[in-house]
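Chain letters run A, B, ... following the sequence lines, proteins first and then strands; every chain starts at 1.
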Amino acid sequence: MFQISLTFPDGNKRDYAAGITAAEVASDISTSLGKKAISATVNGAHHDLQWPIAADATIAINTMKDAEPALELVRHDLAHIMARAVQEIWPDVKVTIGPVINNGWYYDFDRKEPFTPEDLGLIEKKMKDIINQRDGVRTEVWERDRAIQHYKDTGEPFKVELIESIPGDEPIRMYWHGEWQDLCRGPHLQHTGQVPADGFKLMHVAGAYWRGDSSREQLQRIYGVAFLNKEQLKAHLTMLEEAAKRDHRKLGREMDLFHMQEEAPGQIFWHPNGWKIYTTLQDYMRRQQERGGYVEVNTPQVVDRKLWEASGHWDKYQENMFIVEVDEEHAREKAVNALKPMNCPCHVQVYNQGMKSYRDLPLRMAEFGSCNRYEPSGALHGIMRVRGFTQDDAHIFCREDQIEVETKKFIEFLSNIYRDLGFENFSIKFSDRPEQRAGSDEVWDKSENALRSATEAAGYDFELNPGEGAFYGPKLEFVLTDAIGRDWQCGTLQVDFVLPERLDAHYIAEDGQKHRPVMLHRAVLGSFERFIGILIESSAGRLPFWLAPRQVVVAAIVSDANEYCQEVVAALRAQGVRAELDLRNEKINYKVREHSVGKVPVILACGMREVEERSVSVRRLGEKQTSTSSLEEIVSTLTLEAKAPDQL
RNA sequence: GCUGCUGUAGCUCAGUGGUAGAGCACUCCCUUGGUAAGGGAGAGGUCGGUGGUUCAAUCCCACUCAGCAGCACCA
């Protein structure tokens with residue numbers, strides 16, 4: 001028998017017979033470690049304790065104190081335990097897959113009857129029983145044919161399909177949790193009792209397509225969250241409650257920003273407060289674009305299908321377009337139109353007016369373009385995913401050799417704006433050529449290289465999204481992370497060689513000949529609607545002063561101060577500060593509470609003392625303490641605060 | 001679009017086969033109160049829509065619309 005040498009994290013080495021399992025190694029170190037061990041990391045790979053070690057290796061024995069592998073194993077085993085529980089309760093349910101995800105796991109089941117919330121309680125109880133049984137976990141490698149036959153015999157068609165899709169050189173591993181068997185590549189805990197019985201919770205049931213394919217069977221997916229102990233679980237559930245409190249749909253109502261209604265699904269009725277945020281942001285973006293060398297245009301909403309046919313949208317995007325057919329009697333001529341889902345074809349029309357010279361390039365054409373897309377009903381989500389929205393869109397018409405410089409410029413432009421808006425950190429995803437694409441490989445090489453090197457030159461790392469590019473070119477996506485860790489794609493930059501070709505855009509180069517420009521599609525905010533949703537949620541409604549729709553409320557403490565309050569409001573408004581008056585017959589407690597709930601950043605309260613001193617009592621949102629300022633002082637302070645970051 | 005759930009007053013939610021209720025918000029009155037809800041009175045609803053069952057439907061059934069969660073799709 002071979003001897004092998006294992007190196008431990010502390011540098012110690014021990015010799016063992018080849019083929020020894022990690023469990024045996026752990027027990028050899030100490031009996032208690034043998035019991036506490038949950039898995040082993042062998043040569044950097046995570047394995048369960050039954051893993052036989054054939055050659056010299058580095059090894060670390062993991063226990064529940066090693067949070068990362070422990071969570072992975074606990075969640076993974078819970079997926080199996082849940083599947084077993086479901087099959088013990090309803091033996092005819094078919095099992096499929098159940099991976100670990102953020103904070104927990106899910107498992108997809110095929111069952112005719114829907115799982116009810118009561119069912120979740122039953123399953124949870126059964127899972128706890130299984131955990132308390134402390135059933136051992138064991139594994140075997142099976143021959144492919146045997147595994148397929150097994151699942152044919154037990155009536156598990158999804159498992160058969162899974163095995164058939166496992167590459168031929170990969171072993172087929174079977175695991176048993178007690179008597180219950182599942183196909184799995186592991187690793188797993190030693191026995192079910194190692195799962196903390198009070199650290200998990202089944203959250204909800206939802207539909208999910210088999211293999212993520214909407215043409216395949218729809219299964220029922222049960223989601224669970226799991227942690228190493230009760231306290232961590234509780235902290236997670238509390239975090240979810242906090243997240244729900246900052247939901248932009250809830251805050252939008254509380255702050256009276258907007259509403260939506262049945263007659264216009266996926267479209268927003270902006271109220272005065274919300275529209276103030278929108279226009280303030282738009283004014284800011286317009287100033288930035290002017291500084292950034294953009295020209296602003298505006299193009300039609302309703303456009304003849306002929307243009308969409310030429311651009312390729314009619315072919316590739318029709319499902320998502322609002323088609324407008326006008327009754328012939330009412331129409332000057334019979335025509336089928338569509339509301340524009342994107343601005344690019346219209347921008348090419350503007351570009352195409354008159355001859356363009358190479359001296360005109362790069363031409364940066366911006367539009368706050370209102371677009372309508374017929375999004376699937378299930379995709380709609382508050383103001384974040386809507387059917388009518390406005391992009392801060394622009395198209396940069398340039399030569400191929402300008403792509404890199406323009407990309408670099410854009411990334412700088414965007415990062416400045418994100419910083420102004422309070423997002424110091426963002427990540428970049430780079431999506432390269434998809435399988436189905438237009439344009440030659442040569443052109444793709446060129447544009448991918450240009451995007452990549454420009455991003456690197458700007459000093460940013462990016463994550464590769466292989467095959468996720470648009471059919472017409474590669475793209476960069478700029479992703480913001482909000483205050484509770486959720487990612488949102490906002491900005492984008494896409495290289496496009498195809499549309500200029502389809503819509504016959506050209507310029508006259510130095511050689512006197514016609515050449516095709518390249519188009520860079522780009523947006524910073526993405527859409528105002530989504531971006532405002534992100535701003536609301538990440539700030540929990542406490543927008544920076546310059547963006548707050550109601551910046552100041554001047555509240556009278558006694559009615560004898562009413563006149564003075566009006567004077568304060570007038571002084572603030574004269575300086576462009578958005579100030580409102582609250583002279584209602586209510587106590588100051590009541591007014592403070594109401595405006596605090598309404599997320600007004602500054603409340604200025606005035607009673608007789610302030611009238612006499614010509615001062616105000618200042619209360620800032622989120623602070624318990626108040627301070628006193630003279631009228632002149634507070635007006636100049638707030639005037640400065642009300643300025644946008646680019647106007648300081 | 002698919003699966004499941006939900007739809008009652010402006011908001012949050014009770015409730016019943018015999019055409020409805022609370023709290024907050026709103027209006028009016030009292031109260032002039034010093035930093036997160038002062039007191040009283042009043043008004044407010046074809047119970048998402050359409051059709052069906054029934055002597056009678058907000059409640060039961062069918063269809064439909066919208067919302068929510070997830071999937072698929074995406075700014």
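A close approach under 4.0 Å does not occur between any side-chain nitrogen or oxygen of A:Arg221 and OP1 or OP2 of B:G4. Look at A:Ser377 and you'll find a side-chain N or O under 4.0 angstrom from OP1 or OP2 of B:G1. Here A:Tyr317 does not reach the OP1 or OP2 of B:C74: none of its side-chain N or O atoms lies under 4.0 Å away. A sub-4.0 Å separation between OP1 or OP2 of B:A69 and a side-chain N or O of A:His381 is present. A close approach under 4.0 Å does occur between a side-chain nitrogen or oxygen of A:Arg249 and OP1 or OP2 of B:A69. Between B:A75 and A:Gln489, a contact under 4.0 Å exists linking OP1 or OP2 to a side-chain N or O.
Among the nucleotides B:U35, B:C74, B:G1, the one closest to any side-chain atom of A:Pro376 is B:G1. Out of B:G1, B:U12, B:G48, the shortest distance to the side chain of A:Arg253 is found at B:U12. The side chain of A:Val597 has B:A36 as its nearest neighbour among B:A66, B:A36, B:A72. Ranking B:G4, B:G38, B:U35 by closeness to the A:Lys587 side chain, first place goes to B:G38. Closest to the side chain of A:Tyr223, out of B:A75, B:A36, B:G70, is B:G70. Here the side chain of A:Val558 is nearest to one of B:U32, B:C26, B:A75, namely B:U32. Here B:G48 is the nucleotide among B:G4, B:C73, B:G48 with the atom lying nearest to any side-chain atom of A:Glu262. Side-chain proximity of A:Arg385 to B:A75, B:U35, B:G38: nearest is B:A75. You'll find that the side chain of A:Phe389 is closest to B:A75, out of B:A36, B:A75, B:A66. In this structure, the nucleotide among B:C11, B:A75, B:G34 sitting nearest to the side chain of A:Gln391 is B:A75.
For A:Arg221 and A:Tyr107, the positive end is not near the middle of the six-membered ring at less than 6.0 Å and at most 45° from its axis. Note that A:Arg111 lies in the cation-pi zone of A:Trp90, set by a 6.0 Å cut-off to the ring centre and a 45° limit from the axis.
Between A:His271 and A:Phe258, the distance separating the two ring centers is not shorter than 6.0 angstrom. Two rings, from A:Tyr294 and A:Phe413, have their centers less than 6.0 Å apart. The aromatic ring centres of A:Phe478 and A:Tyr418 sit 6.0 Å or more apart. In summary, the aromatic rings of A:His381 and A:His248 are positioned with their centroids under 6.0 Å apart.
Put simply, CD on A:Glu586 is 15 Å from C1' on B:G34, counting in whole angstrom units. Rounded to an integer number of Å, the gap from CG of A:Asp213 to C1' of B:C73 is 13 Å. Atom pair A:Arg609:CZ and B:G33:P shows a separation of 13 Å (rounding to whole Å applied). If you take CG of A:Asp247 and P of B:C68, they are 9 Å apart, rounded to a whole angstrom. The CD atom of A:Glu254 sits 18 Å away from the P atom of B:G10 (whole-angstrom rounding). Between the P atom of B:C73 and the CD atom of A:Glu477 lies a distance of 14 Å, rounded to the nearest Å. Distance CZ (A:Arg387) to P (B:C65): 11 Å, rounded to an integer number of Å. In this structure, the CD atom of A:Gln494 is 12 Å from the P atom of B:C74, given to the nearest Å.
Stacking between A:Tyr590 and the base of B:A36 is absent under the criterion of ring centres within 5.5 Å and planes under 30 degrees.
At the heavy-atom level, A:Glu319 lies nowhere under 4.0 Å from the strands shown. At the heavy-atom level, A:Gly212 lies under 4.0 Å from the strands shown only through sugar-phosphate atoms.
In terms of polar N and O atoms assigned as donor or acceptor, the side chain of A:Tyr209 comes within less than 3.5 Å of the base of B:G1 in a complementary pairing. With hydrogens and angles left out, the side chain of A:Arg619 and the base of B:A36 share a donor-acceptor pair within 3.5 Å. Below the 3.5 angstrom threshold, one finds no donor paired with an acceptor across the side chain of A:Ser214 and the base of B:A72. Judged by distance alone with a 3.5 Å cut-off, a donor-acceptor contact links the side chain of A:Glu375 to the base of B:A75. Under 3.5 Å, the side chain of A:Thr626 and the base of B:U35 form no donor-acceptor pair of N or O atoms. At a cut-off of 3.5 angstrom, the base of B:G70 holds no donor-acceptor pair with the side chain of A:Gln220.
Counting only Watson-Crick and G-U wobble pairs whose two key distances fall under 3.5 Å, RNA chain B forms stems of three or more stacked pairs at B:1-7 with B:65-71, B:10-13 with B:21-24, B:26-30 with B:38-42, B:48-52 with B:60-64.
A donor-acceptor contact closer than 3.5 angstrom links the side chains of A:Tyr472 and A:Gln494. A donor-acceptor contact under 3.5 angstrom links the side chains of A:Asp393 and A:Asn343, judged on distance only. No hydrogens or angles considered: a donor-acceptor pair under 3.5 Å links the side chains of A:Glu156 and A:Gln87.
Taking atom P in both B:U58 and B:G49, one finds a spacing of 9 Å when rounded to whole Å. Rounded to a whole angstrom, the distance from the C1' atom of B:G17 to that of B:G52 is 15 Å. Comparing B:A66 with B:U8, their C1' atoms sit 16 Å apart, to the nearest whole Å. One C1' atom belongs to B:G70, the other to B:G10, and the distance between them is 30 Å to the nearest Å. Across B:A9 and B:C5, the matching C1' atoms stand 24 Å from one another, rounded to whole Å. The same atom, P, is picked in B:C26 and in B:C68; the two are 27 Å apart, to the nearest Å. For the C1' atoms, the distance linking B:G1 with B:C55 amounts to 43 Å, nearest Å. Between B:C47 and B:G42, the distance separating the two P atoms is 25 Å to the nearest Å.
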- Derivation and outcome, side-chain hydrogen bond (donor to acceptor under 3.5 Å, both in side chains), residues A:Tyr278 and A:Gln282: CA-CA 6 Å; A:Tyr278 189 110; A:Gln282 193 174 58; 4.5 Å; no

- Task: Check the pair A:Lys340 / A:Glu367 against salt bridge (Lys or Arg N to Asp or Glu O under 4.0 Å), numbers first and verdict last.
- Result: CA-CA 13 Å; A:Lys340 71 173 169 187; A:Glu367 175 172 4; 3.0 Å; yes

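Contacts with RNA chain B (heavy atom under 4.0 Å) in residues 267-279 of chain A: none are found.
Residues A:Asn320 and A:Ser596 both approach RNA chain B. Their nearest nucleotides, taken by heavy-atom distance, put A:Ser596 toward the 5′ side. Both A:Gly266 and A:Met384 sit near RNA chain B, but only A:Gly266 has its closest nucleotide nearer the 5' end.
Within the 4.5 Å cutoff, the side chain of A:Phe497 has no heavy atoms near those of the A:Met519 side chain. With contacts defined as side-chain heavy-atom distances shorter than 4.5 Å, the pair A:Val350/A:Met365 qualifies.
No more than 12 heavy atoms of other residues, nucleotides or ligands sit less than 6.0 Å from atom CD of A:Gln625.
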